[in-house]
Amino acid sequence: MPRGQSRLTPEQRRIRAQIAANTRWSKEDPTATAEKAQAGLLDKFRREVDPNNELPEAERERRALAARRAHMQRLALASSKARAAKRGGDSAAA
């Protein structure tokens, strides 16, 4: 097996990831981390909708929030399709 690759099964890797996550959250506040991540994501959308910083602040914010909602909806759609495909449904092609 190439160096750096694990001999763990997918289930063992999942458990190892859960251990790491729980260890991390036992040492820090997940709320503060999540707030920082969400702020960074919203900043990314602000830059995307107004790369030259030319829009009024209110309009930039409105567009950034709409872009974030669209992003979350795309994630939800992809998740829905993946679940349907796992169940063997035909709605994955929609």
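Every heavy atom of this structure was used, including side-chain atoms; hydrogens, water molecules and symmetry mates were not.
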Can you find a heavy atom in the side chain of T33 that is under 4.5 Å from one in the side chain of R24?
-> yes

Heavy-atom check, side chain of Q12 versus side chain of R7, under 4.5 Å = no

Taking all atoms of both residues into account, what is the closest heavy-atom pair of F45 and A64, and its distance?
-> CB-O, 3.7 Å

So which heavy atom on L55 is nearest to which on V49, and how close?
-> CD1-O, 4.0 Å

Short side-chain donor-acceptor distance under 3.5 Å, Q18 and R14 | yes

Would you indicate whether the side-chain heavy atoms of R68 and L42 approach each other to under 4.5 Å?
-> yes

Any donor-acceptor pair under 3.5 Å from N52 side chain to E54 backbone | no

Are side-chain heavy atoms of E11 and I15 found at a separation under 4.5 Å?
-> yes

Same cluster (ILVMFWY, side-chain, under 4.5 Å), I19 and W25 | no

Please tell me if the side chains of D43 and E48 come closer than 4.5 Å, counting only heavy atoms from C-beta onward.
-> no

Please determine, by modelled atom types, if S79 and R83 share a side-chain donor-acceptor pair under 3.5 angstrom.
-> yes

Spatial distance of atom CZ (R16) from atom OG1 (T9) [nearest 0.5 Å] = 10.0 Å

Does R13 use its side chain to pair, donor to acceptor, with the backbone of L8 at less than 3.5 Å?
-> yes

Does a side-chain heavy-atom distance below 4.5 Å link N53 with R46?
-> no

Verify side-chain contact (heavy atoms from CB on, under 4.5 Å) between K36 and T31, making sure each step is shown before the conclusion.
-> CA-CA 9 Å; K36 185 177 177 184; T31 303; over 6 Å; no

